[in-house]
There are 2 protein chains.
Amino acid sequence: MTTAAHRPATLDDVARVAGVSRSTASRVLAGNGFASPTARARVRTAVDLLGYVPNSAARALVHGSGVRLLIAVAGADPAVLDDPYVDQAVAAVARACTPHGLGVAVQWVPLGAPEWLTRLTDDRGVAGLVLLNTTPALLDLVPRRLAGRAVSIGIGSATVPSVDIDNGGGTTAIVRHLHDTGRRRIAMVTGPRWLACANRSVRAYRTVMHDAGLPTREVVGDFSATRGYAAAREVLRRWPDTDAIVGISDATALGVIGRLRADGIRVPDDVAVTGFDDIPLAATVALTTASHPVRQIITAAATMVLEQRTAPETTVFPSALVVRGSA
Amino acid sequence: MTTAAHRPATLDDVARVAGVSRSTASRVLAGNGFASPTARARVRTAVDLLGYVPNSAARALVHGSGVRLLIAVAGADPAVLDDPYVDQAVAAVARACTPHGLGVAVQWVPLGAPEWLTRLTDDRGVAGLVLLNTTPALLDLVPRRLAGRAVSIGIGSATVPSVDIDNGGGTTAIVRHLHDTGRRRIAMVTGPRWLACANRSVRAYRTVMHDAGLPTREVVGDFSATRGYAAAREVLRRWPDTDAIVGISDATALGVIGRLRADGIRVPDDVAVTGFDDIPLAATVALTTASHPVRQIITAAATMVLEQRTAPETTVFPSALVVRGSA
DNA sequence: CACACACCTGGGAGCGCTACCACCACAATC
DNA sequence: GATTGTGGTGGTAGCGCTCCCAGGTGTGTG
């Protein structure tokens, strides 16, 4: 369309067409250094004419900056990557990276072998790091090379900043709401024990129950609908008089509701059910939940890495109670 | 950990440690060309010792091969990228690419301006192309440079192979099932008209209905739960005696069910509802649907591109009817 | 009129890697 | 003993880009 054999244009082509040197063209495009208005204009015109797009590989090579963001997901087994939450995170990070000429890669880091992270980050192609389902051990393994180019979702450290949901606040609001609407025998389907952000929710649940002088009822889950489905039955087997079930996630809650309905138990009349996150589906099934703009949170994390605005501090996004039909 | 300032090792470092030249080291790692068993062994040892990982940017630069796969998603507006289906596709492609040292990028291509694709693919960083929600116009714009490195999902061309779901067969099975179970006033919430794969479903629906001597009832949807929610009401307003609604996707069906339940209409007693895809949630809400391993299909597409096994032909994945409670 | 000090420009090195080529040893052939 | 391999090796160019530095112009000051 533009050049003869449609070999993508290089900076040399641009310089030749603009009648300047490669250095000048580079300076104009970088926006730093000196360049006369004339030169600037001619380079701009040449860029448009040739449809020039910089070669990110060459740029990354000279900068030593890497060419993709790594999303490292800790978990017991590679199946964590099947989680729709991970899908959403990967897609959101990819969207944020694309305009910067960066790609994304995803890898699982086994819970028992956090040192795998080192091998992954030894790849110079890695320009930045997003940690998902982070554990403290993982945070310590983020190499110095990537300081200021790493962000964790869910738990941070002195060197690695984190972007976070106010799980505690959200869960507190949910459990209080259940209590306020007369529920007293409130159970919780939790997340995996090793996951900091899930534990914050569990602790909030315990605190509210304790303050109300009520005993806790916990079954360990894993965020999935499938597990929620199974956990619901376990809850009712152990504590048949349960009148409310708090799900660690919306998917968990949907699984719980599926099981309850299948067993002829009415929601919310017999048992109230709540979720966490407010995924799009939550509205259509009238799920009471806590709302967080997950996509925006992930995007914020990716942006921090991309713009290197990673002050070692924690950004906490608020949680908003959304009361619908299920509780 | 390995080297002093933990500057990631280069091939030069490996060569020096192994006591061979950079060329020899390169040859050993590439696996082609000559290299004595001794040299081979020493290079291998040095690689392990230094934890050497090749710099993908440098490799891409010299090969001119690009450094990421582009996922181009056609749609009316950028909101198509919010679709969980796109999330899943991006994540699945990313997983397939990561071991190859490639990242992924996602971009929206406006329906009315397919030529945007040209600008995207002019970027030399683009190593391959996965087309989503493909239109014929888009297929013609895949540059020759990317021939054999592009794959389309849903509709192919003479030069671009496609990976596909048997939408026609799946929908035929679903509508026949509804007919077999006594439904006669069957409506469909379709996908966008411009989308080839959605149209295959619609045509199958029409054919079955026509063969049974029944009139069709169509409302245009867009795959989303939200739209399904609204479409359900539209269906019942226009044809109040409808006894079955075929959703173009599971999300659509879930939206439809949400609306029907909210209106006190029993599923499947009053109105049967079916979905398409069999997403994980479908099982927990007992949705009758057609099952396809979407993740595997996307992975297959990505693998075709990565291994350049893109013979210009169509691979069709079968569709399996899954009868659950909703129909 | 010399000098300083802006502003602007092109030459050239080099990022880490692969590909090509020249070269060397040693064996087999005429 | 000169020729042709054949396996193995190192030197070097160059992918497209950015940055540094030397060398220009022009305008203002002593």
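Bear in mind the structure is a predicted one, so any value in this text is a computation, not a measurement. In what follows, chains carry the letters A, B, and so on, assigned in the order in which the sequence lines appear, proteins first and then strands, with residues in each chain numbered from 1.
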Can you confirm whether the side chains of B:Ser162 and B:Ser152 place a donor and an acceptor under 3.5 Å from each other? no

Less than 4.0 angstrom between a side-chain N/O of B:Thr24 and OP1 or OP2 of D:dG10, yes or no? yes

Decide yes or no for B:Tyr52 and B:Asp13: does some side-chain heavy atom of the first lie under 4.5 Å from some side-chain heavy atom of the second? no

Under 3.5 Å, is there a donor-acceptor pair between the A:Arg149 and A:Ser65 side chains? no

Looking across every strand, which nucleic acid part, if any, lies under 4.0 Å from B:Ala57 by heavy atom: base, sugar-phosphate, or nothing? nothing

Between P of D:dT9 and CZ of B:Arg40, the distance in whole Å: 9 Å

CZ of B:Phe34 versus P of C:dC23: gap in Å, rounded? 19 Å

Nearest whole Å is fine: how far is D:dC17 C1' from A:Leu29 CG? 11 Å

Distance, nearest 0.5 Å, that separates CZ of A:Arg145 from CG of A:Leu129: 9.5 Å

Whole-Å distance, B:Asp12 CG to C:dC15 C1', equals 11 Å

Of all the choices, C:dG10, C:dC8, D:dC17, which nucleotide is nearest to the side chain of A:Ser36 once you look at every atom? C:dC8

Counting heavy atoms from C-beta on, name the nucleotide in D:dG8, C:dG16, C:dC17 closest to the side chain of A:Arg124. C:dG16

Counting only side-chain N and O atoms of B:Arg59, is one of them less than 4.0 Å from OP1 or OP2 of C:dT18? yes

D:dG16 phosphate, OP1 or OP2, under 4.0 Å from A:Thr10 side-chain N/O: no

Whichever of A:Ala35 and A:His63 has the more 5' nearest nucleotide on DNA chain C, that residue is A:Ala35

Could you check whether atom CD of B:Gln296 has more than 12 heavy atoms from other residues, nucleotides or ligands sitting under 6.0 Å from it? no

Applying a 4.0 Å non-hydrogen cut-off, can you work out what A:Ala60 is touching in the nucleic acid: base, sugar-phosphate, or nothing? nothing

Which sits closer to the 5' end of DNA chain D, B:Arg22 or A:Arg22, going by the nucleotide each is nearest to? B:Arg22

Answer yes or no: side-chain N or O of A:Arg27 and base N or O of C:dG10 forming a donor-acceptor pair under 3.5 Å. yes

Within the pair A:Ser26 and D:dT18, is there a side-chain N or O less than 4.0 Å away from OP1 or OP2? yes

Without swapping roles, check the side chain of B:Arg68 against the backbone of B:Ala105 for a donor-acceptor pair under 3.5 Å. no

Separation of B:Arg42 atom CZ from D:dG8 atom P, in whole Å? 16 Å

Within this structure, what is the CZ-to-P distance between A:Arg16 and D:dC17, rounded to whole angstrom? 12 Å

Gap between atoms CG and P, on B:Asp123 and D:dG16 respectively (whole Å): 13 Å

Looking only at C:dC7, D:dG16, D:dG14, the nucleotide nearest the A:Ala58 side chain is D:dG16

Rounded interatomic separation in angstrom, taking CG from B:Leu11 and P from C:dC17: 5 Å

Can you check whether any acceptor in the base of D:dG11 is under 3.5 Å from a donor in the side chain of B:Ser23, or vice versa? yes

